[in-house]
Amino acid sequence: MQTNLLFGIHCHQPVDNFDKVVYEIIEKSYKPFFEILKDYPQFKCSVHFSGWLFEFIKNNEKELFNLIKKLSPQIEFFTGGYYEPILASIPSHDRVAQISKLSNFIVENFNQKPRGLWLTERIWDDSIIDDLKKCEIDYVIVDDYHLIASGFNKNELNGYFLTENSNNQIALFPINKDLRYIIPFATVENSINKLKEFANEEGKNAAIIFDDGEKFGVWPKTYEKVYEKKWLKNFFEKCIEDETINVTTYSEFFDKNKAISLSYLPTVSYHEMGEWSTLPNISKDYLDLIHEHSDREYLIRGGIWKNFFIKYNESNWIHKRALELSKVENQNEQFKDFLYRTQCNDVLWHGVFGGIYLPNLRDNAYKYIIKCENLLDIKSGYTKSDINMDSYEEYKFYTPELITIIDPKMGGQIVEFDIRKREFNLQNTLTRYHETYHSKIKRVEENSDEVLDKKESDEEIATIHNDNLLATSEDIELFSDWYIKKSAIDHITDRGFTRAEFKSCTFQEYGDFANQPFEVVETTQNSIKLKRDGGIYRISKKDTTLTKTFTFENRKIHSNINIQTDEISVMRYLLEFNFHFQDYEILTVNGHNIGESLHFENSQLTILDQSLNKTITFHFDQCIEMYVYPVKSVSQSESGVDYTIQGIAFGFAKDFSTQLDLKYTIEVQ
């Protein structure tokens, strides 16, 4: 009786993550892991690092890089997309280029040609098979759930399967979910016993585990368990000592064994991803169903990864901007590198990690989008195309200092506002979405000893994949927005409008302009005029036309707003802008720090952003009321609950009856 243990770790950090975060992970996870591995040359290990992270370690942690190099005889290196994209979400030519870039790095630095590929987030789609074969890949890491979702018996997945597309064949190694959940969270004894369950008389069964390297040191409580209490050292020793466990590599197992079966997979990822990517309107139904019928998970699939482009407008916009740039002809090497960096997956989705909720990840994506734009060297003028693939054209205006994109379908909003030299998108805001897990959040006192069903012991710790309540000591406010929070949003409300209602997005909306399509009436090389024939619905619909123009001049945007309506009551027009900044601690608005909210009556509003060294000024042609508040999101993360400032909302209000004329200028200095 023998078990073949195929053990691998996948190491990745979002592109250009904070240096202090990367260094901490290196110190707490990667470095101690390989230092222990070197003491056990008999323990064969498979390793995947995303290319940019490997490059970072090579340039900044030479001791660790040289150690990995020294250990290469006992390591099998896996390739993948260099900047860790979801392969099925990027164009074919970019897919091949990113995989080839990492494979070449491995060959050059470790003298090993990778045969296996780490599939980012195990997002499978048949469309990638042909490109994998172009890159000379023999096998790919997936999850057991991939095969279970196809109808295979979960107890008969102890090896590899084959699949094909247009006469190209690839092997699939399914990670065992039970092993993924207990290593390194359970005791060494329980982990070894679990491995032995895979043994058979022929010794051809494989216990397959390939999971995040960060769970060995930086996931909650793992550093103490894995290193201080010597879990990893003891695990390596027990695996080597036990004659029923054969620690081997994927390549050795692949060469010595035949496939279990031919298989065909749906578009799918691991089980949790199906939950996270389920669309909001059915997510509760899905969770109820899966809890009632957990023994039939093969019949109950959640969403697919690309649903995140539907769930989060901001995710879709970043993704589609990258696709737009990928179509640029005659790309030089610098452009390609910037483009590939924008394709990093982390910013595009949200599960138990922050993802799209993390402003710095979005900043990094936009930094490289703007770098690509600047390389195109377009100084002025405009282009129009359906960037976000919603059948409406968006209008992109260039000046030497700014790039501004207008979306006529979405209320004629400004959806991107780039400061070119700073490579920063002021419009990198996030709408406050309702998340299913919001109902699990519980307020506890700071330093509370309250334990929320952790089910931990001295020797076992909880994985981050659980249904525990989410504890926070902050006084959070859970608000949801019914429209996408970008800029130049046109609201029509009444004189009872309050700051509190603006902040909670509960004010009465009488118009149909905030999120409905506008007609593009006229464009020039530096201007656009939009119009919507809509209504004010106070008692009954009163025909209302709202016309707005934008004119772009180097550092300025000039705008005129005109409203003509049959409604004779006094209404309140509210122009809403939402801007994102790097550091809210040193940001001032009309000389005031941002607290919970601000209120002014003035014709000018000045934002001083010391982190960007920029001053942004709104000039109005008349005195208006101004409302300001920080937009905060509530999201879960591996450490609990994150309460994050996503931007600052600015409301500019003016009463009117039957008609309104308002002019303003935004200037970035």
Side-chain angles (χ1 to χ4, degrees), residues 15 81-98 127 131 305-306 308-349 356 361-399 402-410 412-420 423-429 484 486-487 520 523 525 528 550 552 580:
V15 168
Y82 196 86
Y83 293 108
E84 203 73 8
I86 301 297
L87 293 179
S89 75
I90 64 176
S92 172
H93 57 277
D94 294 342
R95 190 183 299 150
V96 172
Q98 287 228 37
S127 63
D131 288 336
W305 186 85
K306 286 185 179 180
F308 290 113
F309 302 147
I310 309 299
K311 288 186 69 172
Y312 303 111
N313 173 275
E314 296 81 359
S315 169
N316 187 56
W317 186 255
I318 291 172
H319 177 253
K320 299 308 184 290
R321 285 287 271 127
L323 288 184
E324 175 197 24
L325 291 167
S326 181
K327 292 186 288 188
V328 171
E329 297 180 357
N330 303 318
Q331 301 172 7
N332 62 32
E333 290 305 309
Q334 188 178 39
F335 184 98
K336 290 178 182 177
D337 187 65
F338 293 158
L339 170 64
Y340 300 157
R341 289 169 185 264
T342 70
Q343 297 170 341
C344 180
N345 81 92
D346 305 78
V347 68
L348 296 174
W349 61 284
I356 190 68
L361 298 191
R362 303 196 307 273
D363 281 342
N364 290 338
Y366 281 115
K367 174 176 65 177
Y368 290 109
I369 286 171
I370 299 167
K371 281 179 178 288
C372 285
E373 288 279 10
N374 287 341
L375 285 177
L376 299 179
D377 202 30
I378 302 174
K379 299 301 184 185
S380 62
Y382 84 97
T383 63
K384 62 177 181 177
S385 62
D386 182 9
I387 298 171
N388 60 359
M389 299 187 182
D390 63 356
S391 81
Y392 286 75
E393 291 181 317
E394 289 78 44
Y395 290 72
K396 186 191 304 182
F397 287 86
Y398 296 86
T399 74
L402 305 171
I403 298 173
T404 310
I405 304 180
I406 307 290
D407 185 348
K409 179 190 177 185
M410 198 167 70
Q413 290 193 37
I414 297 173
V415 295
E416 187 170 324
F417 190 23
D418 302 328
I419 304 176
R420 300 181 70 164
E423 297 164 351
F424 190 81
N425 177 17
L426 288 169
Q427 210 53 76
N428 177 22
T429 54
I484 301 301
K486 296 300 179 184
S487 285
V520 177
T523 57
Q525 286 300 300
I528 184 170
F550 298 98
F552 306 93
H580 161 73

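- Between Asn316 and Ile310 there is no side-chain heavy-atom pair separated by less than 4.5 Å.
- Between the side chain of Asn364 and the backbone N or O of Val15, at least one donor-acceptor pair lies under 3.5 Å.
- Rounding to the nearest 0.5 angstrom, the gap separating the CD atom in Gln331 from the CG atom in Asp337 is 11.5 Å.
- Shown here are the salt bridge (Lys or Arg N to Asp or Glu O under 4.0 Å) partners of Lys311, two or more places apart in sequence or in another chain: there are none.
- The two residues Ser326 and Leu339 make their nearest non-hydrogen contact at CA-CD2, 3.7 Å.
- Aromatic ring pairs are classed by plane angle as parallel below 30°, tilted from 30° to 60° and perpendicular above 60°; the pair Trp305 and Phe309 is perpendicular.
- His319 and Thr342 share no donor-acceptor pair across their side chains, judged by distance under 3.5 Å alone.
- Here Gln343 contributes atom CD and Leu87 contributes atom CG; the two are 10.0 Å apart, rounded to the nearest 0.5 Å.
- Closest approach of Lys409 and Asp407 over heavy atoms only: N-OD1, 3.1 Å.
- The environment of Lys384 atom NZ is sparse: at most 12 non-hydrogen atoms of other residues, nucleotides or ligands sit within 6.0 angstrom.
- Residues Ser385 and Glu394 have side chains that never bring a donor and an acceptor to within less than 3.5 angstrom of each other.
- Listed here is the closest heavy atom pair of Asp346 and Cys344: OD1-SG, 3.0 Å.
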> Can you list the steps and then say if Thr404 with Phe550 is a side chain to side chain contact (heavy atoms under 4.5 Å, CB included)?
Replying inline: CA-CA 10 Å; Thr404 310; Phe550 298 98; over 6 Å; no

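- Side-chain contact between Leu348 and Phe308: absent, with no pair of heavy atoms (C-beta onward) separated by less than 4.5 Å.
- Under the salt bridge (Lys or Arg N to Asp or Glu O under 4.0 Å) criterion, Lys306 pairs with no residue, sequence neighbours left out.
- Applying the ring pair (Phe, Tyr, Trp, His ring centres under 6.0 Å) test to Tyr382 and every residue at least two apart in sequence or in another chain returns Phe397.
- Not counting sequence neighbours, Tyr398 has no partner by the ring pair (Phe, Tyr, Trp, His ring centres under 6.0 Å) test.
- Put simply, the side chain of Ser380 does not reach to within 4.5 Å of the side chain of Thr399, judged on heavy atoms.
- Looking at Asn345 and Trp349, their side chains do bring a donor and an acceptor atom within 3.5 Å of each other.
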>> ring pair (Phe, Tyr, Trp, His ring centres under 6.0 Å), that's the test. Do Phe424 and His580 meet it? Break it down for me.
In response: CA-CA 9 Å; Phe424 190 81; His580 161 73; 5.4 Å; yes

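- Side-chain atoms of Asp418 never come within 3.5 Å of backbone atoms of Arg420 as a donor-acceptor pair (strictly under, hydrogens ignored).
- Atom CG of Asn313 is separated from atom CG of Asn388 by 7.5 Å, given to the nearest 0.5 angstrom.
- A donor-acceptor pair is defined here as one N or O able to donate and one able to accept, closer than 3.5 Å; such a pair exists between the side chain of Gln413 and the backbone of Lys486.
- At least one side-chain heavy atom of Asn374 sits under 4.5 Å from a side-chain heavy atom of Ile370.
- The heavy-atom pair separating Met410 from Val415 by the smallest distance is CE-CG1, 3.3 Å.
- Atom-to-atom distance recorded for Ile387:CD1 and Tyr395:OH is 11.5 Å, nearest 0.5 angstrom.
- Side chains of Glu314 and Asn428 form no contact here, defined as non-hydrogen atoms less than 4.5 Å apart.
- Minimum interatomic distance between Ile414 and Phe417 (heavy atoms only, all atoms of both residues): CG2-CB, 4.2 Å.
- How far NZ of Lys371 is from CD of Gln334: 7.5 Å, rounded to the nearest 0.5 Å.
- Screening residues 88-98 for salt bridge (charged side-chain N to carboxylate O under 4.0 Å, His left out) gives Arg95-Asp131 as the qualifying pairs, with residues at least two apart or on separate chains.
- Classification of Arg321 and Glu416 as a salt-bridged pair holds, one side-chain N sitting under 4.0 Å from a carboxylate O.
- In this structure, Gln98 contributes its side chain and Pro85 its backbone to no donor-acceptor pair below 3.5 Å.
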>> Glu423 vs Lys367, test: salt bridge (charged side-chain N to carboxylate O under 4.0 Å, His left out). Steps then yes/no.
In response: CA-CA 5 Å; Glu423 297 164 351; Lys367 174 176 65 177; over 6 Å; no

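- Residue pairs meeting the ring-ring contact (aromatic ring centres under 6.0 Å, His included) criterion with at least one member in residues 321-346, sequence neighbours excluded, are Phe338-Tyr368.
- Judged by distance alone, with hydrogens and angles left aside, the side-chain atoms of Asp386 form a donor-acceptor pair with the main-chain N or O of Ser391 at under 3.5 Å.
- Nearest heavy-atom pair, Ile406 versus Gly412, reported as atom, atom and distance to 0.1 Å: CG2-O, 3.9 Å.
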